[in-house]
Every structure is written in structure tokens, then in C-alpha cells.
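Heads up, the thing below is written out as C-alpha cells.
Starting from 1, each residue takes its place in the sequence as its number.
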Amino acid sequence: MTDFRVEDDHFLLDGRPVRLLSGALHYFRVHEAQWGHRLSMLRAMGLNCVETYVPWNLHEPRPGEFRDVGALGRFLDAAQRAGLWAIVRPGPYICAEWENGGLPAWVTGRFGRRVRTRDAGYGAAVGRWFGELLPQVVDRQVTGGGPVLMVQVENEYGSYGSDGVHLEELAGLLRRCGVTVPLFTSDGSEDHMLTGGSVPGLPATANFGSGAREAFGVLRRHRPRGPLMCMEFWCGWFEHWGGERVVRDPAGTAAELREILECGASVNVYMAHGGTNFAGWSGANRSGSLQDGALLPTVTSYDYGAPVDEYGRATEKFWRFREVLAEYGEGPLPELPAEPVGLRGRVRVELTRGASPGDVLEALGDPETAESGVPPTFEDLGVDRGVVRYRVGVPGPRQAYPLGVTGLRDRAVVYVDGVRAGVLTEEDHTLEEPVAGPAEVELWVESLGRVNYGPRLGEPKGVTGGVLHERQFLHGVRARALRLDAFEVPGAVDRVVFEDAGQVGPVGLFRGSFELADATGTGHAGLELPGWTRGFVWVNGFCLGRYWSVGRRRPLYVPGPVLRDGTNEVWVLELEAAGELFVELGPGAPVGEDVPGEELD
């Protein structure tokens, strides 16, 4: 039986000091058929460990409805086959630039500001979830011959709160569920964060992107003894729609990695391989130092400027890191696995069939609610990702007045008597042209991603205030949800009534097919949507995620295992304005996408 413990200033493996050279790779951001390749890339870079979060909302979308919780166990098994130990960060809150920080919308909808506190109801929900999840971890602890060395308690809690009772309750819950390997916390390297997020008696780790000596100095003020570890060494950064790309110079970042190791510390490279926010699971931030300003939705790519890029290829940063890590590992590094091969040539896919939003909603949507005094939110409707159509009447006769929405989250395409009248947002929430009554108003509202960090975590989506005509609220609202996961049901899209795409108009669901003769050897493709505005796209029923025309355009990553020999199909759900009725597949983005951007400090 292998023994891993924390003692003095070292991690000990069977009584021998060991340095953890870890890298973050989230199993839920990588197609399962590609786990082995990506893990082999981490091993070849010089890492001996992999770290992953666990998103609660992915696995329990509705209370008591668990989906593929075994994916975590399969990933940990793949890590062990690749010769890697593992660190698991099960949350329940994970941040991770993931929808709602990993918390299910039904949890934040039910408990509101009581989440991430000692609240008994929230704690009971977490307990039920951990009871389902943690056997995947317990059965794979290093003490039982598995790869799991450590498990984290919550995540960067000191950036959010100071409820030490809650943290100790979570630590106790992990122990009661059978976790016997060391527990730890991780927080930013600032006094208030470490004060709020640490648990007495548990190792504390620090998260930072530079200045290791200063950061570890702060950590030592809080933990005079114990191993030093940077649990998140930020080697890159994420990106928001329409925002500047943040880049890190490979040579400078490698020098920062070397400084961590020169301090005698262990490290977890965040991210070693970022992957992709498939199926609309991207989170969002709020602007401003207090994370309370404008909504900043995160893009579909989670490339993160990682040493292994979104397509699974070694970047210049990979080779710089490998050079540093080779000096601190044991024995020669393994060779790299074969580089994934991109789609050969380009394929134009004509989208020949289409269906109006109303027809799609009729086939795939939830039943419409009865009229209500106030509009139901996404949380009221039990919707995590997707679109909700709100309908309300303007009484009449009355003269034209401004029509707007209070508490809109996040974006609505508005129709008045069936004619498009404009697009509203949280900041720009009144139509340009006034509306006279009587009139029938439709608002097709999409959540652009729930906030994953800061005090606005868990805020509701949809029309969270009301629809105003002049200063008067319009009552008698009906709502009907079109959930994104409705498209995942086998054969569901075939229930939609399609017609010639050219007759549908600028919004709706469009479909087309293409032929491939050599899909088996293809590692990836990049899908481009020239002229399209905003929506979601699927290849062979696999949702690649959101596309949006704001900011720099990049191809959407298509995992090679999604493609197949023979006939392949594409669906595009356009919510604002379609381009020409085709999309293109090609080999994907250049390695590392080295383009100018804002340098990360």
C-alpha cells in the first residue's frame, strides 16, 4: 500500500520526499477519446501529476438527476495509465470560468446568497452530491493503489468569504465520505484571502502567476511550516467575448516557473491544457475591481495560452517548460505522442434546410407557462443553458411609449406584432422606437453565461425585473423555454419541421451535411461561420458551443472523434442574424495562436 502524507516541509511518498510537478487538465473540457493523448502530452512535458476540477452542474442538472458521474473515475484511471498521480478539486464551487462556478442553477436559485455558507439546506444538497461523487475518488486513492494524492476543500474561498465554519464542515464531510488522503486549501497570495480561505490543520497553497518568492513569503506568514506549493501557476489567461486577448511570453513564463521550483516548491501549471467550453458551459465575470460591473461572458475556447494548445499541440511554451521541468524530474522524459492531424483541406457545408424559431420551440421546447404577474426567471423555469421566449401584451388603445426591460440578463431579441424591433441588453434595455397598443411583444432571451467569480455568483437569468411600457409594468407574461440539452436527445431534432433554408429568414435552426472519406485519422478540425452573428452549432449532434461575431473571430474547435467517415451533419441555431447559408471546416487555428495581445502581469 502506497502512503502519501504531508510532514514538516515536504510531501512524503512512502516516507521519501517528493515534489509534485502537476498540470491542470479538466476532463469535462476534453473529448473523452482524447484524454489519453492529452495526458501523455503532460507526461512528456515533464509533469508527474494531473489536477482536475469537478463541475457539479454538469453531473446533477436537476435535483437528484445524476449524469455520468463515472466520468471522473474514468479520467482518473486514464491518468494512472499515463503514469500520472492526480489531485482532485471537487468544489462544490470551482470557479474555473465555468457556468455558475460549477454550482447548479437549481442550487443557486433555491438558496441564493446562502450558497457557500454554513446554511443547513445548502449543506444538505452538497452532502447528497458528494455522497454520489466521492466514491469515484475514494476508490482511487493512492493508499488503495490508485493515483489520487490530495483532495481540495472548496476553492479560493478567501476571495469570496470568511465562513470558517462552512470550510470545516466541508472538510469533515470529505472525511466522512471516505477521503483519507491529505486535504488542502488554495487561495490567492494575499493576507485576507489566506485568512478567509484556510482551514486550521490543513495545508494551504497559493495561486499566482508571477513573483513566487514574494507569494511564498505571504504564505509563510500564515503557514510557518508545511510544503510550499503553487496550486495555480497561471501560465496564461482566459478571454471574454469582445475583449483583448491576454498573452504571456513563453520565455518569461518559463522563468517564473523556474523561480517556483528554485524555492523548493511544488507546482500545478494552470492550465497545462485548457481545452474547450463545449455545449454553452462557459461562465462569465463582472468588470471592475469588485467584480460588480458589466457582464463579461467567457468565450468558447479555453485555450488559456497553455503549453498544450486547444488542439493538443505543443507550443513554444511547452518546449520552454519541458526544458525547465527536465531539471527537476526523475529520469529522462518520455517522447511526445504523435501530433494530432488536422482536417485535410477545407470543406464547405451548405445549410439547405431550416426551421423558424417558433417551429423549433414547438418541437423541442418546454410547455408554455400560464400567464403570471411577473416574468419567471430561468431559475424559476429550471433552465440552465438555452433560450426563453417571453410573450406579453401591450393593452390598447394607447399611444406609443418607450418599451423596455428591467433586470434583463442577458440579451433579448424583441419582436412587436411579429416584426423584429431590436436587441436589448442589460445596459441598453429600451427599444429605440416606441410601441403603441394594443400589441403583442415577444422577447427571446439568452443567458450568455452565469457569473463564476465574485459577489454576483448565482445571480438569476432571464427577465429578473419586468417588462415596462412607459413606467407601467406589463403583466400577464407567458414564458416557454428552449433548453440547450433538448438538442442532445437522440432523434429530437428530427421532430422539427424543416423547409428550404432560404425561406426561413435570418434566425432559426439550419442544417446541412457533408461527406468525409478519411475521418478516422483526423485529430481535429476548425469550424468557421462567416457572416453569422450569435448562436450555437453542433456537428453530428455534438454541441461545439457558442459562436458570436463580437471580437476576434476564431474557428470553433471540432474534436476529431466527433467526425465520421461518410455523411456528417451540421446544425446551426442562429439567434440574431444568419450569414450566407453555409459554414466551413478546415484544419483549425495555427499552433499557439501567437498574436499580439495584452501582456499578463
Side-chain angles (χ1 to χ4, degrees), residues 99-100 105 108-109 112 240-242 280 282-288 291-298 357 361 368-369 371-394 401-416 420-435 439-452 454-484 507 533-535 546 548 550 575-577:
E99 162 85 5
N100 220 26
T108 53
H240 294 126
W241 291 107
S282 304
N285 294 94
R286 289 279 179 178
S287 64
Q291 293 284 315
D292 200 34
L295 187 76
L296 303 173
T298 301
L361 189 62
E368 187 168 63
T369 64
E371 289 188 1
S372 59
V374 295
T377 65
F378 278 40
E379 284 69 19
D380 293 332
L381 298 168
V383 176
D384 51 14
R385 297 154 298 126
V387 181
V388 172
R389 183 192 69 185
Y390 294 91
R391 295 201 294 178
V392 65
V394 178
Y401 289 114
L403 187 140
V405 181
T406 64
L408 175 60
R409 301 196 184 111
D410 296 309
R411 193 173 178 92
V413 182
V414 184
Y415 298 85
V416 177
R420 175 169 160 152
V423 176
L424 302 182
T425 65
E426 186 177 77
E427 293 79 21
D428 187 7
H429 47 73
T430 302
L431 291 176
E432 289 186 6
E433 295 294 328
V435 175
E440 184 73 16
V441 176
E442 289 188 3
L443 303 97
W444 291 74
V445 180
E446 185 200 356
S447 163
L448 297 174
R450 287 179 174 82
V451 169
N452 55 256
R456 300 283 287 269
L457 175 75
E459 62 185 8
K461 292 293 187 177
V463 178
T464 69
V467 181
L468 285 173
H469 195 225
E470 204 257 348
R471 74 198 70 182
Q472 181 186 79
F473 281 109
L474 297 179
H475 296 126
V477 182
R478 293 153 290 165
R480 191 172 188 185
L482 178 62
R483 302 169 187 272
L484 209 57
V507 296
T533 305
R534 176 177 59 93
R546 177 183 287 110
W548 200 358
V550 298
L575 300 173
E576 289 196 28

- Task: Scan Arg389, Arg546, Arg409 and name whichever one has a salt bridge (Lys or Arg N to Asp or Glu O under 4.0 Å) with Glu446.
- Result: Arg546

- Query: For the side chain of Ser447 and the backbone of Arg385, is there at least one donor-acceptor N/O pair under 3.5 Å apart?
  - Reply: no

- Check whether any side-chain heavy atom of His469 lies under 4.5 Å from a side-chain heavy atom of Val467, and answer yes or no. no

- Query: Above 12 or not: heavy atoms from other molecules or residues under 6.0 Å from CD of Glu427?
  - Reply: yes

- Query: side chain to side chain contact (heavy atoms under 4.5 Å, CB included) between Arg456 and Gln291: does it pass, once the steps are laid out?
  - Reply: CA-CA 7 Å; Arg456 300 283 287 269; Gln291 293 284 315; over 6 Å; no

- Item | Residues Glu99 and Lys461 bridged, charged N to O under 4.0 Å | no

- Item | For the student: nearest non-hydrogen atoms of Pro402 and Thr430, plus distance | CB-CG2, 4.0 Å

- Message: Quick one: does any side-chain atom of Tyr390 pair with a main-chain N or O of Pro376 as donor and acceptor, under 3.5 Å?
- Response: yes

- Note on the structure: Here the gap from Glu576 atom CD to Trp444 atom CH2, rounded to the nearest 0.5 Å, amounts to 13.5 Å

- Message: With rounding to the nearest 0.5 angstrom, report the CG to CG distance, Leu403 to Leu468.
- Response: 8.0 Å

- Just by distance, do the side chain of Thr377 and the backbone of Gly462 share a donor-acceptor pair under 3.5 Å? no

- Nearest heavy-atom contact between Thr533 and Ala577 is OG1-O, 2.7 Å

- Note on the structure: In terms of heavy-atom contacts, Val383 and Ala105 come closest through O-CB, 4.3 Å

- Query: So among Asn285, Asn100, Leu296, Leu295, which one has a side-chain contact (heavy atoms from CB on, under 4.5 Å) with Val451?
  - Reply: Leu295

- Note on the structure: Interatomic distance, OG1@Thr425 vs CG@Leu448, rounded to 0.5 Å, equals 9.5 Å

- Item | Phe473: partners by ring pair (Phe, Tyr, Trp, His ring centres under 6.0 Å), with sequence neighbours left out | none

- Message: Against Val445, only a single residue in Val387, Leu408, Val414 fulfils side-chain contact (heavy atoms from CB on, under 4.5 Å); can you say which?
- Response: Leu408

- Item | Least distance between heavy atoms, Gly386 atom then Phe378 atom | O-CE2, 3.7 Å

- Closest non-hydrogen atom pair between Asp292 and Arg286, with its separation: N-CB, 3.7 Å

- Short side-chain to backbone donor-acceptor contact, Trp241 and Thr298, under 3.5 Å: yes

- Provide the full list of salt bridge (Lys or Arg N to Asp or Glu O under 4.0 Å) pairs with a residue in residues 372-384, sequence neighbours left out, each pair given once. Glu379-Arg450

- Message: So, taking the atom named OH in Tyr401 and the one named CD in Glu470, what distance separates them when rounded to the nearest 0.5 Å?
- Response: 6.0 Å

- Quick one: closest heavy-atom pair of Val374 and Ser372, and the distance? O-OG, 2.7 Å

- Message: Please report the interatomic distance CZ(Arg411) to CG(Asp428), rounded to the nearest 0.5 Å.
- Response: 9.5 Å

